[in-house]
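On a predicted model such as this, the values are computed, not experimentally measured, just so you know. For this chain, numbers begin at 1 and follow the sequence in order.
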Amino acid sequence: MNQRHGGAGNGDIVTAGMDQRYLSMAARLALRGHGGAEPNPLVGCVIVSGSDEVVGWGYHRRCGGPHAEIIALGRAGSRARGATVYLTLEPCTHLGRTGPCSEALIAAGVARVVYARSEPDLVATGGAGRLRSAGIQACLNETCEDAISVSDPFVQRIRTGMPWVVAKWAQSLDGRIATRTGESRWISSRASRRLVHQERGRVDVILTGIGTVRRDDPMLTARGVHTRRIARRVVIDPELDIAADRRLVTTTDTAPTVVACGEDRLQADADGAELLRRAGVELLGVPRTGSELPLERVLRELVLRYQATHVLVEAGPGLLGRLFSTQLVNEAWVFVAPVLFGDERALPCVRGLTVDALTDGCRLDLWNVRSRGGDLVLRYGVSACPAPRP
């Protein structure tokens, strides 16, 4: 049942407003679990009594821990009886690491459950039907975009086998990420860099290219912030050219490093491959038909091997351009510093696309804007990116 509120009666309007408010609250709660809940979905739950009082709330904090509904029911106690439950995702029915949330809601005696999105995993689906069979009103409400989008990465991974890819870069006002000599530290402010480090401590994978490794020798670790997980650092290196003295190689005791290369290079450079393995680097050989690696294949392997849900891309314009042109970017996170270069030889943020007309460019939807240390932090969703020309 897809229930969209907004009928003629005043009661319907009031109910619609309440549903929007509490689903939005549940969405904000769900985001608190980012970095702990994955590969499970981010889920938030709010329990509201008949007198419009929040009596329970919760979110899925960590994989293997209690789900949002269980935490919220624990806070509500007996006050959950006859209450309305707001959820970002349909309650599950399966017995995994924890019990079925739909059964817990039934046992608590709630009267109504409003959820923003149906469960995409066939193993866990059916919770709404189970609630209805127990006499509980279960409503799918798709009017709160925040409550729907919070589970986008999980839904994409389950339905397509692909991770959620976030392209991040810092740039000048005229779209340059480095000077003509390659100097890029630091375009963004200290506050902006702290924000990036926080995200590094929440994602599953940080993806970069061999060009960035040669030029910047980055570590790509979360430093100076609280971390919820340690991301795998993955290098796109078709020819297996990464040197053993690069910091991504010498710091594998701090964070795992995976080098994705052409499958043929594992045999052609067996000595180099063995040297990297001894240093703790995992090698991911991928079949290729030309000089480049098929990026979609690499991303799918990251899901298959590591259940990767969130991939943060910190790379140069070449790899970013390939990801955009092959329509593999879901979100862009752009830090715009208050500086102008005005140099046509300074490094652009993205390259490799062919754009003759305005309609040929990638279209992005602005999701939010904030300020950090004088920088603008722009978060975009990628709505359309034309396929590359043959």
Kindly compute the distance separating CD (E239) from CG (D269), expressed to the nearest 0.5 Å.
10.0 Å
Nearest 0.5 angstrom please: L195 CG to H197 NE2, how far?
10.5 Å
First locate atom OG1 of T257, then atom CD of E282, and finally report the distance between them rounded to the nearest 0.5 Å.
10.0 Å
So, do S151 and T88 sit near enough that their side-chain heavy atoms are less than 4.5 Å apart?
no
R112 bridged to D19 by N-O distance under 4.0 Å:
yes
Could you note down all residue pairs passing side chain to side chain donor-acceptor pair (under 3.5 Å) where residues 155-165 supplies at least one of them, sequence neighbours left out?
Q156-N330, R157-T309, W164-E331
Any E199 side-chain heavy atom under 4.5 Å of H34 side chain
yes
Write down the atom of L131, the atom of P91, and the distance for their closest heavy-atom approach.
CD1-CG, 3.8 Å
Counterpart residues, side chain to side chain contact (heavy atoms under 4.5 Å, CB included), relative to A68 (two or more places apart)
V43, C45
Closest non-hydrogen atom pair between M219 and L248, with its separation
O-CD2, 3.3 Å
Is it true that I106 and Y115 fall in one hydrophobic cluster, defined by side-chain heavy atoms closer than 4.5 Å?
yes
Can V205 and V258 be said to form a side chain to side chain contact (heavy atoms under 4.5 Å, CB included), step by step?
CA-CA 10 Å; V205 168; V258 178; over 6 Å; no
Do R372 side-chain atoms and A191 backbone N/O form a donor-acceptor pair below 3.5 Å?
no
If you look at every heavy atom in A222 and G201, which pair is closest and at what distance?
CB-N, 3.7 Å
Is I236 close to L207 at the side-chain level, that is, under 4.5 Å between some pair of heavy atoms?
yes
Is R288 salt-bridged to E292, going by a charged N under 4.0 Å from an acidic O?
no
Intermediate values then yes/no, side chain to side chain contact (heavy atoms under 4.5 Å, CB included), L42 and H60:
CA-CA 6 Å; L42 306 184; H60 190 32; over 6 Å; no
Between the side chain of R370 and the main-chain N/O of N368, is any donor-acceptor distance below 3.5 Å?
no
Heavy-atom closest pair (A332 atom, F324 atom, distance to 0.1 Å) is CB-CZ, 4.5 Å
If two hydrophobic side chains count as joined below 4.5 Å and joins carry through other members, does V313 share a cluster with V235?
no
Heavy-atom check, side chain of V334 versus side chain of W169, under 4.5 Å
yes
So does C92 get a backbone contact from the side chain of E119, meaning a donor-acceptor N/O pair under 3.5 Å?
no
Should V281 and I206 be regarded as members of a common hydrophobic cluster, given that ILVMFWY residues are connected when their side-chain heavy atoms come within less than 4.5 Å of each other, either directly or indirectly?
yes
Separation between CZ (R229) and SG (C63), nearest 0.5 Å, reads 8.0 Å
Hydrophobic clusters here meaning ILVMFWY residues chained together by side-chain heavy-atom distances under 4.5 Å, can you tell me if L240 and L284 are in one?
no
Are any of the side-chain heavy atoms of I47 and R75 separated by less than 4.5 Å?
no
Salt-bridge test for D152 and R117: reply yes if a basic N is under 4.0 Å from a carboxylate O, no otherwise.
yes
What residues form a side chain to side chain contact (heavy atoms under 4.5 Å, CB included) with P338, not counting sequence neighbours?
D375
Could you please spell out the steps behind the side chain to side chain contact (heavy atoms under 4.5 Å, CB included) verdict for L220 and L312?
CA-CA 10 Å; L220 299 180; L312 178 65; over 6 Å; no
For D52 and R21: C-alpha separation, side-chain torsions, deciding distance, then whether side chain to side chain contact (heavy atoms under 4.5 Å, CB included) applies.
CA-CA 11 Å; D52 194 23; R21 174 159 46 114; 3.4 Å; yes
Listed by chain and number, what are the ring-ring contact (aromatic ring centres under 6.0 Å, His included) partners of F154, not counting sequence neighbours?
none
On a heavy-atom basis, which atom in L275 and which in A244 lie closest, and how many Å separate them?
CD2-CB, 3.9 Å
Just to verify, what does R32 make a side chain to side chain contact (heavy atoms under 4.5 Å, CB included) with, not counting sequence neighbours?
L29, W57, Y59
Test your reading of the model: is there a side-chain donor-acceptor pair from D146 to the backbone of R28, 3.5 Å cut-off?
no
Partners of E145 by salt bridge (Lys or Arg N to Asp or Glu O under 4.0 Å), sequence neighbours excluded?
none
Which of these passes salt bridge (charged side-chain N to carboxylate O under 4.0 Å, His left out) with E314: R200, R233, R193?
R200
Using modelled atom types and a 3.5 Å cut-off, is there a donor and acceptor pairing between side-chain atoms of T143 and backbone atoms of Q20?
no
hydrophobic_cluster_shared for L140 and I136, side chain cutoff 4.5 Å:
yes
Sidechain-backbone polar pair: S371 side chain, L376 backbone, donor-acceptor under 3.5 Å:
no
Heavy-atom closest pair (A178 atom, A346 atom, distance to 0.1 Å) is O-CB, 3.3 Å
Less than 4.5 Å apart, side chain to side chain, heavy atoms only: is that true for V382 and V165?
no
N/O donor-acceptor pair under 3.5 Å between D237 side chain and I242 backbone
yes
Between the side chains of S133 and R130, is a donor N or O closer than 3.5 angstrom to an acceptor N or O?
yes
Nearest 0.5 Å, what's the CD-OG distance between E142 and S118?
7.0 Å
Between atom CG of L378 and atom CG of L364, what is the distance when rounded to the nearest 0.5 Å?
10.5 Å
Keeping D174 on the side-chain end and L340 on the backbone end, is there a donor-acceptor pair under 3.5 Å?
no
Validation row: T326, E296 side chains within 4.5 angstrom (heavy atoms):
no
Is the number of heavy atoms from other residues, nucleotides or ligands under 6.0 Å of R190 CZ greater than 12?
no
Heavy-atom distance under 4.5 Å between the side chains of D204 and V311, does that happen here?
no
